[in-house]
Amino acid sequence: MRTITVKDALKEAIIEEMDRDENVFVMGEDIAEHGGIYGVTAGLLDKYGKERIRNTPISESALIGSALGAAITGMRPIAELMYIDFTTVAMDQIVNQAAKMRYMFGGKVDVPLVIRTQGGGGRGSAAQHSQSLEAWFMHVPGLKVVMPSTPYDAKGLLKTAIRDDNPVMFIEQKMAYGFKGEVPEEEYLIPFGQADIKREGSDVTLVANSYLLPKALKAAEMMEKEEGIKVEVIDPLTLVPFDEETIIKSVSKTGRLIVVHEAVKRGGFGAEIAAKIFESDAFYYLDAPLQRVAGLDVPTPYNEKLENFAMPDLEDIKEAIKKTCYL
Amino acid sequence: MRTITVKDALKEAIIEEMDRDENVFVMGEDIAEHGGIYGVTAGLLDKYGKERIRNTPISESALIGSALGAAITGMRPIAELMYIDFTTVAMDQIVNQAAKMRYMFGGKVDVPLVIRTQGGGGRGSAAQHSQSLEAWFMHVPGLKVVMPSTPYDAKGLLKTAIRDDNPVMFIEQKMAYGFKGEVPEEEYLIPFGQADIKREGSDVTLVANSYLLPKALKAAEMMEKEEGIKVEVIDPLTLVPFDEETIIKSVSKTGRLIVVHEAVKRGGFGAEIAAKIFESDAFYYLDAPLQRVAGLDVPTPYNEKLENFAMPDLEDIKEAIKKTCYL
Amino acid sequence: MERSKETLLDMYEKMYKIRLFEDNAVKLFNQGLVRGPMHVYTGEEAVAVGACSNLNNDDLITSTHRGHGHCIAKGGLVDKMAAELLAKGTGYCKGKGGSMHIADPDIGILGANGIVGAGLPIAAGSALSSKMRGTDQVTICFFGDGATNEGSFHEALNMAAIWDLPVVFVCENNLYGLTGPADEMLSVKDVASRAASYDIPGVIVDGNDVLDVYETVGEAVKRARNGGGPSLIEAKTYRIKGHFVGDPCVYRDEEEVEKWKKRCPIKNYKNYLIETAGFTSEELAEIEEKVENEVEAAVKFAKESPDPELEVVFEDVFSK
Amino acid sequence: MERSKETLLDMYEKMYKIRLFEDNAVKLFNQGLVRGPMHVYTGEEAVAVGACSNLNNDDLITSTHRGHGHCIAKGGLVDKMAAELLAKGTGYCKGKGGSMHIADPDIGILGANGIVGAGLPIAAGSALSSKMRGTDQVTICFFGDGATNEGSFHEALNMAAIWDLPVVFVCENNLYGLTGPADEMLSVKDVASRAASYDIPGVIVDGNDVLDVYETVGEAVKRARNGGGPSLIEAKTYRIKGHFVGDPCVYRDEEEVEKWKKRCPIKNYKNYLIETAGFTSEELAEIEEKVENEVEAAVKFAKESPDPELEVVFEDVFSK
Ligand SMILES: Cc1ncc(C[n+]2csc(CCOP(=O)(O)OP(=O)(O)O)c2C)c(N)n1
Ligand SMILES: Cc1ncc(C[n+]2csc(CCOP(=O)(O)OP(=O)(O)O)c2C)c(N)n1
Ligand SMILES: [Mg+2]
Ligand SMILES: [Mg+2]
């Protein structure tokens, strides 16, 4: 099978859905000539023109608000919000409007709105351009939250997001655009709410996604070689809806839970996954305390060594695997 | 000792600190003549005048941003944000600016900024005026997060917040302003990061705060009477900094953890507390799965029965106590 | 501007209906049957009615926390509105929205909104949608003087202007935000002058004169429909009641209220209809009676309707 | 307007220093020593320098993602700046901020800012603070044409206007946002005309003419200092380099860039100093040499400085 990058996989998803449905369009800052800050929409302007590949002013409330207004009146916008850090200037439209509108109106509207954005560190972009804020959106009923890692998942999930009649926060990671992987030529969709067991194992359950999934897989591989520990690596793919069952089943089998995410530890999605296990029947099978491998509780520093130190890495994951196995 | 309401306790704190330090002032929407939407600043205009009890336009970004600008140049503003739901229109200034400024600048500024706001349901204010969003702010390094319940705590914590050189999210609950309790005439402060054991017990650890604390205490009392279960009720008072130790110690003793909060369950602070226990040595003492008593994962409905159903209540807490004791 | 007999009477009916609906809403509120904050439109009826009388059924509006008037003016049904205020399963939102979230997208009512200024970007988007779908729909966006200090006002007007969107921004300048006087909180005397920032027309109308509103908004709607882009219209008016029901109104004096009460848009319009337009008192009385019956029936319907089932709490978080 | 010999030369020195600093910053970036996005000020030097030359040491500025020029113009030290770009412990932010967060509150530099438009409310607040504390400090707030479409622009200007705050809003209209042309993204031709929305002066200056900037901002600063309230000044200028270092600039053509390169603010000012103001080439060459040495030393200092200790990552989250 051919191998492409996450960036190209996302672009293909957009192209296929725009070709399929003329109401799908893209709006955002610098997405047209420039192709978006990480190049996902590069080339689309020539293909679809200015109306459907629509550059907006630097007005994020108006960007999301107008996308919402379009979504409830017959269009299916994909709004690109350049950095997830900038959700902070559009938060009302995301949280109070898009997420709640259907509920507040007693079911009277569909809100087919995709907000594509990217977060995370690794490029020295410092505190205002490196956050991982998915936990905020998980905490808002009415939003779906998607975080792909591989090109295959990125494409299949984005297509599903575009066809979904609900607001979807589609969260990419700036260092993951270059991830390569196999993607079939044929069309496919990936359903929301089904976790993907990326590697089977019987000793430890490790939940990871997005930029850190490859590191988690690598750590699992190394620990199998080095220590004979079999780590089951699960990517939830979507945080909302969340596939509790797969993870509960896995932990019931392994008795050990590690959650890995880039967001700062306090209040990250790892806490929610941990709580779900802690309150489930998997509790009775637990053999070790929770391990969370997550960002330090600090704003992201600019300096490379400091940034790397603040972000979880391979060694941290290996360490957690050893710890949960009492090695 | 005299008994006063939370509302009056807060007002006293503001008065004492304004009298003590001329750089302390209040700004916000409709806080002057009107005294704020729940009356906390009523009467202060006459006492301090328009400069220090400063009505702002309906411009929340400018409200928080200007309070921040004032805070880093010698003033100590208390910014009242009418509803916590409106943090969504000021989120950048709270999260990207106030919270991170000291860190980004390498320690070069103090940010003595208090953001007083209120959240929660119970009044039929519906989905855009009833949220409990403390978990968002917990997830942002650089912010302190305070949630008082009793008048005593409200006063002592607000005074501490005003004297703190860091941005503090001071989160009240609209139904709790009328809570009454003893408050001494003499000045006192309550330190951040020290949980308060509101009721001692040996069978179950129950963490609760804000509006739900009295219900938790009531449930504990009833369960002792009805079932002889001794519930230890702990109010963390501040979510950041968080007093892990007290709760770990308690759970190590009781083996059972219940977390009660009004925010929707998914991604609420209960998850973080659960994760903290799950990863601590208290894990080894656990006798039962976690119980979370929290809001349903839905936007707040307007209808009273539905709203009450969506919010945790006394019965839910009692139920959780029974469940954790396998009754 | 066409002013058919039918339109003139319809406007009277709608204004009268809003007034009566609000009076009843206040009564229901005071009976403890309405929850949360409720904001009534009394005194401002001419704005919503004058503006919406230019719209077709498939045209759109966005509204505010003070939305009952806009809803009725756009053709909303008072029985479903009353039922919603009373949080009944038969209400517009199955009792889940309440006063601040009444919506009827089927007739273009994109919802009241509890967040000041939030409707403006949504209105720009609905206009963008009409334009992209190639319809001739127009969106009217209502908001208050206080909302013009929100960032979203600025962002939405700029966006609508650069894209020539078919939207008419109608500011109801009722002299106050919640309690903040417009003349202290706004850096300009006239909201209309803010149109200069977007190079679009900015016009002031007498918000208590339904015909002035009708005609001026009519021009702007026509312009928008013909691809001429957005306009900003400032209707100078006044809310006779407090900001919310129960507001002690410490920030304004009775004198001012009394002055504006004399400028009642309904009374004045009635006079015009009889004295200038040649209608008879009987014709109007007939309308009044019809409306009275309708509102009375609505309140009855609301009161007699059942609460929503408890399971409804889980519905409508997501579509499908 | 006073134009002492000292001021004139100081302005030349600062402009030259900015240019040289940026050239070196680009070099360091291309050597892989600078991380993240870096935005340079090349071509816009006259704005920051002309504006800040009106300020005292205890006056204040807020800046943007493109902040090096503002920082130098307000008296920032190039060694600490260079060290910050290289993420060193000796940098302004101990290597934790980088290009977008350089700050020196001790001399009134309230920080570069990575969020477009975020500096405007902060500037209003710093001006409010000066006013409340009874000082005569003035705040200059820098921002771009693109930022004028953010809601925060609108909110801050309204607030500053109603409270007569001592702040001067200086818009650097360099014709583009990131890639969005101002003439497509702004609904008005001139940012200055947006002053009408706030009933404050709005003035256009030639942003490539340091004396024009100096004098016009000087008037506004004087006005602000004397209690006359805020102003909006639009400096028409151009960024010669791409938006960020590495920008392929697909959205503009070389011709335009070449045209503006000819209008180099430094070259023109140098001509003025020699031809009109009576300075000699030698005097200027001396300054240039001094600056060259200073910048060279700064780069050396930065390169030789140590990385911050790892523990620094935990510091400064909270005060105390
Ligand atoms: C973002 C936001 N800020 C504040 C409020 C609280 N609030 C509700 S209505 C209102 C006043 C609005 O004034 P205006 O826009 O003039 O409308 P009016 O009430 O006069 O019709 C305020 C401040 C809110 N709902 N949303
Ligand atoms: C809120 C926000 N939106 C978008 C961006 C991304 N961004 C950084 S600089 C920039 C362009 C700013 O344009 P302008 O204000 O004209 O300043 P200039 O770069 O031209 O100096 C954009 C869109 C951002 N940093 N913050
Ligand atoms: Mg008003
Ligand atoms: Mg620009």
Side-chain angles (χ1 to χ4, degrees), chain A residues 61 85-97 99-100 103-104 126-128 131 133 135-142 240 242 257 259 263-284 286 288-292 296-302, chain B residues 61 85-97 99-100 103-104 126-128 131 133 135-142 240 242 257 259 263-284 286 288-292 296-302:
Chain A
S61 286
D85 314 74
F86 309 161
T87 58
T88 54
V89 279
M91 206 66 178
D92 168 58
Q93 290 293 341
I94 301 172
V95 169
N96 290 329
Q97 311 300 331
K100 298 179 175 35
Y103 194 86
M104 294 188 305
Q128 294 176 338
Q131 291 168 92
L133 298 173
W136 283 0
F137 301 104
M138 242 175 87
H139 193 45
V140 179
V240 181
F242 186 75
L257 175 66
V259 189
V264 301
K265 185 188 282 187
R266 187 178 56 229
F269 73 75
E272 178 60 31
I273 293 177
K276 281 198 160 79
I277 291 300
F278 188 175
E279 69 192 355
S280 76
D281 280 347
F283 170 80
Y284 298 106
L286 287 173
L290 165 72
Q291 299 292 330
R292 282 191 284 175
L296 296 181
D297 287 324
V298 304
T300 306
Y302 167 65
Chain B
S61 287
D85 313 73
F86 309 161
T87 57
T88 53
V89 280
M91 207 65 180
D92 168 59
Q93 291 293 340
I94 301 172
V95 168
N96 290 329
Q97 311 300 329
K100 298 178 174 37
Y103 193 86
M104 293 189 304
Q128 294 176 337
Q131 290 168 93
L133 298 173
W136 284 0
F137 301 104
M138 242 175 88
H139 193 45
V140 179
V240 181
F242 186 75
L257 174 66
V259 189
V264 301
K265 185 188 282 187
R266 187 178 55 229
F269 74 74
E272 178 59 31
I273 293 177
K276 282 199 159 79
I277 292 302
F278 188 175
E279 69 194 354
S280 76
D281 281 346
F283 171 80
Y284 298 106
L286 288 173
L290 164 72
Q291 298 293 330
R292 283 192 284 175
L296 296 182
D297 287 323
V298 304
T300 307
Y302 167 64

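In the text below, chain A, chain B and the rest are named by the order of the sequence lines, each starting its count at 1.
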Between the side chain of Glu272(A) and the main-chain N/O of Gly267(B), is any donor-acceptor distance below 3.5 Å? yes
Under 3.5 Å, is there a donor-acceptor pair between the Gln128(A) and Asp85(A) side chains? no
Do Phe242(B) and Ile273(B) have side chains that get closer than 4.5 Å, going by heavy atoms? yes
Per-residue contact mode, Ala127(A) against chain B (heavy atom under 4.5 angstrom): both
Side chain, backbone, both or neither: which part of Phe86(B) has an atom under 4.5 Å from a heavy atom of chain A? neither
Part of Thr87(A) lying under 4.5 Å from any heavy atom of chain B: neither
If you define the side chain from C-beta out and look only at heavy atoms, does anything of Val298(B) sit under 4.5 Å from Tyr103(A)? yes
Select one option (side chain, backbone, both, neither) describing which atoms of Phe269(A) are under 4.5 Å from chain B's heavy atoms. neither
Side chain, backbone, both or neither: which part of Ala288(A) has a heavy atom under 4.5 Å from chain B? backbone
Would Trp136(A) and Val95(A) satisfy side-chain contact (heavy atoms from CB on, under 4.5 Å), going step by step from the backbone distance to the final call? CA-CA 10 Å; Trp136(A) 283 0; Val95(A) 169; over 6 Å; no
I'd like to know which of Gly270(A), Ala282(A), Ser61(A), Pro289(A) tops the heavy-atom pair count under 4.5 Å against chain B. Pro289(A)
Which residue out of Ala126(A), Gly142(A), Gly268(A) racks up the most heavy-atom pairs below 4.5 Å with chain B? Gly268(A)
Count the heavy-atom pairs under 4.5 Å between each of Leu286(A), Asp297(A), Leu296(A) and chain B, then report the option with the highest count. Leu286(A)
Heavy-atom distance under 4.5 Å to chain B: side chain of Val140(A), backbone, both or neither? both
Under 4.5 Å from a heavy atom of chain B, the part of Met138(A) involved: both
Please classify the contact of Gln93(A) with chain B as side chain, backbone, both or neither, using a heavy-atom distance under 4.5 Å. neither
Ranked by heavy-atom pairs below 4.5 Å to chain A, first place among Gln291(B), Arg292(B), Gln97(B) goes to Arg292(B)
Do Phe137(B) and Val240(B) come close enough that some side-chain heavy atom pair is under 4.5 Å? no
At a heavy-atom separation under 4.5 Å, does Ser280(B) approach chain A through its side chain, its backbone, both, or neither? backbone
Checking Phe278(A) against chain B: side chain, backbone, both or neither under 4.5 Å from a heavy atom? both
Please give me the minimum heavy-atom distance between Asn96(A) and Lys100(A), naming the atom from each residue. O-CB, 3.7 Å
Look up atom CE in Met91(A) and atom CG in Leu133(A), then write down how far apart they are to the nearest 0.5 Å. 7.5 Å
Indicate yes or no: at least one non-hydrogen side-chain atom of Lys276(B) is less than 4.5 angstrom from one of Lys265(A). no
